[in-house]
Every structure is written in C-alpha cells, then in structure tokens.
There are 4 protein chains.
Amino acid sequence: MCKKNIPTNQKQMSFIEKARRAQIVECAIETIAEVGYTQASLGEIAKRAKISKGVISYHFANKEELLEQIAIEYYIAWQSYIAPRIEAQKSPKEMLRVYIESNLAFVAENLQHVFAVIELGSKKITADGKLQFAADHDEAILLPIENILALGVHEGLFREFTKPSARVMALTIRNAIDGFTMELMRKPHLDVQEYTRELVTIFDISTKK
Amino acid sequence: MCKKNIPTNQKQMSFIEKARRAQIVECAIETIAEVGYTQASLGEIAKRAKISKGVISYHFANKEELLEQIAIEYYIAWQSYIAPRIEAQKSPKEMLRVYIESNLAFVAENLQHVFAVIELGSKKITADGKLQFAADHDEAILLPIENILALGVHEGLFREFTKPSARVMALTIRNAIDGFTMELMRKPHLDVQEYTRELVTIFDISTKK
Amino acid sequence: MCKKNIPTNQKQMSFIEKARRAQIVECAIETIAEVGYTQASLGEIAKRAKISKGVISYHFANKEELLEQIAIEYYIAWQSYIAPRIEAQKSPKEMLRVYIESNLAFVAENLQHVFAVIELGSKKITADGKLQFAADHDEAILLPIENILALGVHEGLFREFTKPSARVMALTIRNAIDGFTMELMRKPHLDVQEYTRELVTIFDISTKK
Amino acid sequence: MCKKNIPTNQKQMSFIEKARRAQIVECAIETIAEVGYTQASLGEIAKRAKISKGVISYHFANKEELLEQIAIEYYIAWQSYIAPRIEAQKSPKEMLRVYIESNLAFVAENLQHVFAVIELGSKKITADGKLQFAADHDEAILLPIENILALGVHEGLFREFTKPSARVMALTIRNAIDGFTMELMRKPHLDVQEYTRELVTIFDISTKK
DNA sequence: AATGAATGAGGTTTCATTCAT
DNA sequence: TATGAATGAAACCTCATTCAT
C-alpha cells in the first residue's frame with residue numbers, strides 16, 4: 001500500500017545481506033555507545049563484531065553510509081513506536097502525556113541506539129551540507145509535538161500558544177527527552193518510571209490553561 | 001572543601017604564559033564552533049591562531065589538557081556571570097527567573113564557548129574514565145538550580161518537590177538551556193528575548209504552587 | 001622454433017571455457033581502454049562484464065594471467081592481420097607501405113585492444129622480471145620490419161642500412177605506429193587516411209636510395 | 001623580469017623546504033623508474049628515501065601533487081636544455097638536427113626522469129579531467145618542432161608541409177624520441193651516439209626538399 | 001560453473017606528538 | 001619560547017584472492 005516510501009537505495013537486497021547489514025549497524029551502535037563517537041572506528045566496530053574490517057566496507061559504501069543507516073533505522077523504529085500510541089489517544093492532554101511516556105519508554109528500551117543517534121546528531125553541523133538529514137530529521141521530530149500543542153490550543157484545553165512559543169515548548173519537551181537519554185547513559189539505575197512521571201507532570205502543568 | 005578541583009599544573013605561570021594559553025584556548029573554541037569537534041585538529045587550531053602546531057604542544061601537555069581548559073574557563077566564566085545575578089535576588093521565583101534569563105544571556109554572549117563545551121561533553125566517554133571532569137562539572141552546574149528549588153519549597157512558594165523530582169526539574173531546566181544553545185547555533189537569528197520569555201513562563205508555571 | 005611461446009596452460013579447454021575467457025578478456029580490454037590501467041580492477045572488469053568477481057578468478061589463475069592473455073590475443077590477431085598482407089607484396093617498398101598501412105588500419109579497427117596492450121607494456125616492470133613477455137613481444141614485432149629493410153637493401157632498392165641502423169629505423173617506424181595509437185585515443189576524429197599517407201611518405205622517403 | 005611565470009603555488013618556500021621536496025621528487029623518479037608506476041607507492045618511495053611516509057605527506061599535499069611536480073620539473077629542465085641549443089642555430093635544418101640531438105642527449109642524461117614522465121603521461125587519460133596538464137604539455141612539446149618545420153618550409157629548405165602533415169611529422173619525431181627513451185631503459189648499453197646519428201639522418205632525409 | 005561473502009594486505013592520508021634548532 | 005620538520009600510529013578504503021554453497 002504505502003511502499004516506496006523509503007529513499008530508493010534499497011535496490012534489491014537479499015535476506016542475508018540485510019541481516020549482515022543489520023548486525024553491523026547493531027555493532028556500530030554498541031560501539032558508539034560504549035567508546036564514544038570519536039573512538040568508534042571501523043576497526044573497533046569490526047573487532048566487536050568479530051569480523052574483518054573489509055566486511056564493513058563490503059556491505060556499506062563507506063563509513064558515512066553506515067552511520068546514516070543508524071539514523072535511518074532509529075527514525076523508523078522511533079516512529080513505529082510513537083505514532084500508534086499517540087494516535088490511540090483522544091485528548092491533546094493525553095496525547096502529550098503519551099508522547100512523553102512513550103518517548104522515555106522508547107529511550108529506555110533502546111538506550112544505546114538513541115544515544116548513538118544523539119552523538120551523531122551534533123556532527124551534522126560540521127559537514128559541508130552533506131548531512132542535511134539531521135536538520136530535516138529534527139523538524140520531523142518536533143512536528144508531532146507542535147501538532148499536539150496546536151490541537152490543544154484549538155480545542156481550548158491548553159493555554160494560548162503563538163506559533164513561536166509553541167516551538168519553544170516543543171523544543172523544551174524534546175530537549176527534556178534527549179537530556180534524559182544522556183542522564184540515563186550516565187546513571188543506568190535511574191528510576192525511569194519516576195522520571196517519566198515527573199516530566200509528564202511538568203509539561204502537563206506548563207501547558208494547562 | 002572545593003580544593004583540588006583544578007588540575008594542579010597551576011604552579012607558577014608567567015603572565016605571558018597565561019596569555020598564550022588563553023589565546024590558544026580562544027582559538028580552540030572558535031575552531032570547534034566552526035568546524036566541529038571532529039575536525040578540530042591541533043593543526044587546524046594552530047592555523048587559525050596563526051601559530052605553529054608545536055606551540056600548542058609546548059603550552060599544553062597534550063590535546064586533552066587543552067580541551068579541559070576550555071571546560072574550566074567556561075565554568076569559571078559561567079559562574080562569575082550567573083552567581084552574582086542570582087544572589088542579588090530575594091525570592092526563589094525571581095532567582096529561577098534570573099537563572100534562566102542570565103543563562104540564556106550568557107549563552108547568547110558566549111555562544112561559541114558554550115557550544116564547544118557541549119560538543120566536548122558528548123564526546124567525553126573514554127575507556128579509562130579519564131574525562132570524569134565533565135560529569136563532575138554537570139553536577140556542579142545542576143546544584144544551583146536544585147538549591148533554588150529547595151529554597152522555594154522550603155519557603156512554601158513552589159509546589160512540593162521531593163529530592164528526586166527536584167533533580168528532574170533541574171535537569172529539565174538545564175536541558176532547556178543547552179538545547180537552546182544548539183538551536184541558536186543552527187539558527188543564529190533566533191529571537192533570544194522571546195525564547196527567554198517563553199522558557200521563564202514555562203518554568204514559572206511548572207514550579208508554581 | 002617458436003614453440004613454448006604460449007604459457008602452456010592451454011591443456012584442454014572446453015568450448016564454453018574458451019568462450020568465457022574470451023568474453024572476460026574482451027571486457028578487460030574495454031575497461032582498460034575506458035578507465036585506464038590503474039583503475040581497471042577485477043571488480044570494475046566484472047561489473048562491466050556483468051558477472052561476479054569470482055568468475056574471473058575461476059577462469060584465470062590470477063590477474064596477471066588475464067592481462068597476459070590480452071597481449072597474447074593481440075599478438076595473434078595482429079599477426080593474422082599483418083602477415084598475409086605483407087606477403088602479398090612483391091617489392092620491399094610495397095611491403096613497407098603495406099606494413100604501415102595495415103598497421104594503422106589494424107590500430108584503427110582495434111583501437112581499444114592496441115591501446116590496452118600499450119598500457120600494459122609500459123607498466124610491465126616487475127622486480128622479478130615476470131613480464132619478460134612484453135620484451136620478447138617487442139622483438140617479435142620489430143622483426144618483420146627489419147626483414148623488409150634487409151630485403152630492400154639486399155635488392156638494392158633501399159639505401160644502405162647496417163644492422164644497428166636498420167634497428168633504429170624499425171624502432172622509429174614502430175614508435176610512429178604506437179604513437180599514432182595514443183594520438184587516436186586522444187583525438188578519435190583524427191583523419192586516419194591522411195595520417196597513414198603521411199607516414200608512408202615519410203618512411204618511403206627516408207628509406208629511399 | 002620574467003618572474004611570476006610559475007603557476008603561483010610557489011608561495012614562499014624556505015631553502016630547506018625546497019631541498020627536501022627536490023630530494024623526495026628525486027626518489028619518486030628513481031622509484032618509478034625502478035619498480036614501475038604501479039608499484040611506486042608512497043611507502044616504497046619513502047623506504048628508498050629512508051624517511052617516514054609521513055614526511056612525504058608533510059611536504060606534498062597528496063600523491064598527485066608529488067607526481068605533478070615530477071612532470072613540472074621535467075618540463076622546466078627539458079626546456080632549459082633544449083631551447084637555447086635550438087635558438088643558437090641558424091638554419092631550420094640545423095635546428096631540426098639539434099632538436100633531435102639535444103633531446104636524445106637530454107634523455108640519456110636524465111633517463112629515469114624522462115621515463116617517469118612517460119609512465120605518468122599515459123595515466124592522464126584516466127583521470128576525470130583533472131590532469132589536463134598532460135595534454136597541454138604534449139602541445140607545448142610539439143610546438144617547437146612544428147615551428148621549425150614551418151620555418152623550413154617558409155624558407156624553401158624543406159619540402160612542402162600542409163599544417164596537418166607537419167603535425168604528423170612532428171608527432172613522428174616526438175614518438176621517435178619517447179620510443180628511444182623506452183628502448184634505452186630496456187637496453188642501457190645502447191649506443192646513443194649512433195642512435196642519434198641515425199635519427200638525424202632519417203628526419204633529415206624525410207624533410208628534405 | 002558461478003556466486004556472494006569474506007579476508008587481509010596494502011594504499012593514501014591525517015594527526016598528535018616529539019625534537020633539534 | 002617558538003618553530004618547522006619528522007615520526008609513526010591509526011584511520012578509511014580498495015582490491016586481488018579464497019571459499020562455501
């Protein structure tokens with residue numbers, strides 16, 4: 001039905017090929033999470049995957065493609081996780097709560113992956129226009145929040161938000177989630193439930209009429 | 001109490017030595033801000049400083065020391081900027097407002113420096129835990145907010161905050177500020193005044209009794 | 001006399017085997033001609049042949065054997081083309097004319113192949129003298145010219161040529177032909193007829209009594 | 001007087017810098033001459049120069065720049081050698097003789113260098129327009145011969161040459177010289193004097209009225 | 001007979017660091 | 001103090017070759 005949504009460089013990939021790529025991406029994520037972006041060389045990734053360096057080059061055109069794949073898979077997984085949960089809600093207030101809850105749950109369940117994407121994210125600025133992905137991505141990630149806010153305002157359930165102030169709110173929520181990721185990396189024993197409850201409270205209060 | 005926070009190689013440093021180091025740190029900041037952490041090699045920094053690469057190695061034991069110096073100077077500048085402004089306030093509500101306002105003002109005035117520190121922060125994972133500094137740093141930066149919150153609760157002006165929920169609030173505020181930094185890097189024409197006003201509003205509401 | 005010039009791995013080769021090898025050699029020639037010797041990797045050749053890299057390794061012991069095959073096929077094709085045309089001539093003067101004419105015609109008709117062989121020729125230096133072939137080859141190619149010159153002198157139709165000076169003449173003619181190949185590669189619209197006429201004139205005059 | 005003729009990337013180069021570059025270029029030439037273009041890796045060149053690989057990268061932006069330098073130095077040396085010798089001649093006939101003689105002498109005295117340039121030459125075709133140098137170079141090298149021919153025709157000392165036929169003659173002479181280089185590489189004991197005499201004779205006869 | 005997958009050596013290049021001057 | 005020169009490790013990538021299927 002909604003095929004061909006994906007960029008196109010999908011060509012035809014054998015099952016085994018896809019599995020191998022997935023495995024390598026997996027290892028790349030682990031490696032970035034464990035040793036940091038800077039130290040995550042192809043050699044290091046290969047070592048952890050117990051394969052030769054050449055295998056990575058065999059399956060990915062270059063390092064950039066591998067890293068992009070991390071971001072792409074993240075985005076797909078994220079969207080499949082978040083979207084249905086939000087759509088299941090009726091009121092904007094519930095949507096916002098679920099947005100926060102499901103994002104934090106997603107982070108907790110995919111900590112390394114999310115962390116890796118954040119690590120990559122800041123690199124986008126550097127590149128010479130090549131990694132526009134980052135920016136588009138950010139917009140795509142903010143949009144759902146802005147939509148919820150707009151809906152809430154429209155239904156008279158949220159306090160008034162001008163367009164720019166809705167964006168500030170959206171960014172603040174997004175930053176809270178990404179910041180939570182970093183905190184969870186630093187302190188794996190963090191009480192996620194509690195953290196979630198608190199964030200929900202904060203943004204519930206701060207959007208209330 | 002707070003001795004030995006600073007590396008120790010403070011020993012005796014001539015005026016000229018200090019000036020040289022400051023100049024190099026300055027250039028390192030600019031370089032990171034402009035080309036990103038990954039591309040900020042000593043060679044690149046030296047080129048921008050119009051000095052030879054060797055000079056950097058002469059004044060800093062190694063690259064790490066230079067990067068740490070960026071964080072140290074940042075922290076000192078930040079504290080000198082923020083602390084007096086907060087101390088000038090009477091009520092926790094005002095303190096919180098001023099904390100947010102002065103932080104955003106500080107970011108806007110020292111955008112490159114703040115950005116550089118954030119860049120460093122996220123790359124700081126090393127196998128041998130060498131860059132513990134960054135983490136300590138984070139604690140030191142959260143403390144003032146937690147103190148304000150505690151005070152506000154104690155005076156009955158803020159809603160109830162348990163210790164962990166105060167921390168979540170503190171992190172959320174901190175993340176909002178750091179996130180603002182990134183947004184300002186991406187969009188230099190951002191209306192800082194407005195953004196500040198919005199953040200103050202958000203956190204004013206969400207701490208209110 | 002001229003046995004064992006060919007490597008020996010001729011053994012028994014099935015028809016299909018020979019066809020496959022021919023196809024690969026063909027593609028190797030095209031590849032060298034189009035992307036140059038340096039870029040003509042087995043991968044590139046395989047891609048153009050629309051076969052897998054492994055097939056090449058299956059049919060040829062190694063890359064060197066494939067490249068040698070290019071030279072061998074060239075030599076055979078060249079000889080079959082040139083020899084009968086010369087033998088059909090009566091006088092040395094005519095022979096020389098036909099030698100030049102047919103060589104240039106051969107080049108024009110097999111430009112890529114001739115070019116590939118020249119490319120190989122110049123790269124042929126190896127520490128272990130493995131590609132002696134090329135040198136032998138050159139001798140074999142010079143011989144017909146030297147024979148024509150000797151005949152012409154013997155019949156009193158050409159000016160006197162000592163053995164060494166006949167060799168210089170032969171080399172000069174040969175170099176003119178190979179140089180023509182390069183020029184034709186650079187400028188495909190070259191007027192071959194005219195070029196041929198000029199070369200014939202030059203060497204007709206310069207051998208005349 | 002005639003400064004600034006050189007491309008511009010000359011900037012300011014210290015004496016020692018120039019010496020080092022010259023030494024490296026020297027070694028690169030030797031290496032190409034001895035092991036062939038294909039095997040002449042930076043590692044191999046460095047090994048022969050008894051320096052670390054990094055030194056080459058320190059003095060040359062990349063391999064291409066090193067190789068170009070070989071061609072540039074060749075061209076300068078060649079021109080300084082040939083031009084005055086030709087200009088000292090009065091008649092076109094003498095000029096042509098001297099052109100051939102001095103070119104062969106130059107080749108014999110700089111055999112490795114000339115050979116290296118020829119090796120490089122054929123590679124130019126490959127690159128994607130980058131190494132236009134080769135083509136320009138060739139034109140620059142043919143021009144003097146064409147000028148001599150034109151002069152000889154104009155003075156009525158040479159037989160008639162149309163523009164295209166003069167070019168064929170020029171190419172033939174040039175090819176004879178380059179071919180001589182290859183032959184001399186293969187057979188270092190070649191009698192250069194004799195070879196020179198023969199070539200002079202050939203082209204003297206073939207240009208005569 | 002053919003292929004896709006994997007390997008590992010080797011190539012170019014970058015870079016933090018050292019050192020003689 | 002400062003510099004340019006040099007180093008060598010390590011990064012990314014290419015490629016001829018091998019092998020199980």
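All figures in this text were calculated on a predicted structure; none of them were measured in a lab. In what follows, chains are A, B, ... by sequence order, proteins preceding strands, each numbered from 1.
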Along DNA chain F (nearest heavy atom to each residue), the more 5'-positioned of C/Glu44 and B/Gly54 | B/Gly54
Using atom CD of D/Gln39 as one end and atom P of E/dT12 as the other, report the distance to the nearest whole Å.
-> 11 Å
For A/Phe60 and F/dC12, what is the distance between atoms CZ and P respectively, to the nearest whole Å?
-> 14 Å
Out of F/dT3, F/dT7, E/dT7, whichever nucleotide has its closest atom nearest the side chain of D/Val55 | F/dT7
Taking only N and O in the side chain of A/Arg20, is any of them less than 4.0 Å away from OP1 or OP2 of E/dA6?
-> yes
Any donor-acceptor N/O pair, C/Gln112 side chain to C/Ala33 backbone, under 3.5 Å = no
5'-most contact on DNA chain E: B/Gly43 or A/Ile16, nearest heavy atom basis?
-> A/Ile16
Of F/dT17, F/dT1, F/dG4, the nucleotide closest to the side chain of B/Ser14 is F/dT1
What's the closest nucleotide to the B/His59 side chain, out of E/dA6, F/dC13, F/dA2?
-> F/dA2
Do any side-chain nitrogens or oxygens of A/Tyr58 fall under 4.0 Å of OP1 or OP2 in E/dA5?
-> yes
Strand partner of E/dA9, provided both Watson-Crick or wobble distances fall under 3.5 Å | F/dT14
Please give, in whole Å, the distance from E/dT14 P to B/Tyr37 OH?
-> 19 Å
Contact class for B/Ile56 vs. all strands (heavy atom < 4.0 Å): base, sugar-phosphate, or nothing?
-> nothing
Using whole Å, report how far CD1 of C/Ile45 lies from P of F/dC15.
-> 11 Å
The residue, C/Ser52 or D/Leu42, whose nearest nucleotide of DNA chain E is more 5′ is C/Ser52
Result of checking D/Glu34, D/Glu26, D/Glu30 against D/Arg48 for salt bridge (charged side-chain N to carboxylate O under 4.0 Å, His left out) | D/Glu34
Which is true for D/Glu17 with a 4.0 Å heavy-atom rule: it touches a base, it touches only sugar-phosphate, or it touches nothing?
-> sugar-phosphate
Are side-chain heavy atoms of B/Thr38 and A/Thr38 found at a separation under 4.5 Å?
-> no
Applying a 3.5 Å limit to both distances, which nucleotide forms a Watson-Crick or G-U wobble pair with E/dT18?
-> F/dA5
Let me know the distance between NZ of D/Lys47 and P of E/dG11, rounded to the nearest Å.
-> 9 Å
Looking at the side chain of D/Ser57, which of E/dT13, E/dT18, F/dT14 is the nearest nucleotide?
-> E/dT13
Minimum heavy-atom separation for A/Lys53 to A/Gly43, with atom names?
-> CG-CA, 3.7 Å
Identify whether any heavy atom of A/Ser41 sits under 4.0 Å from a base atom; if not, whether one sits that close to sugar-phosphate; answer base, sugar-phosphate or nothing.
-> sugar-phosphate
Once you round it to whole Å, what is the distance between P of E/dA5 and CD1 of C/Ile51?
-> 17 Å
Any idea which of E/dA6, E/dT13, E/dA16 is nearest the D/Lys63 side chain?
-> E/dT13
Between D/Glu65 and D/Arg21, is the closest basic N to carboxylate O distance under 4.0 Å?
-> yes
B/Arg20 and B/Ile51, any side-chain heavy atoms less than 4.5 Å apart = yes
Whole Å only: how far is the CE atom of D/Met13 from the P atom of F/dA5?
-> 10 Å
So which nucleotide from E/dG8, E/dG4, F/dA6 ends up closest to the side chain of B/Lys53?
-> F/dA6
What is the distance, rounded to the nearest whole Å, between atom CD of D/Gln23 and atom P of F/dA6?
-> 8 Å
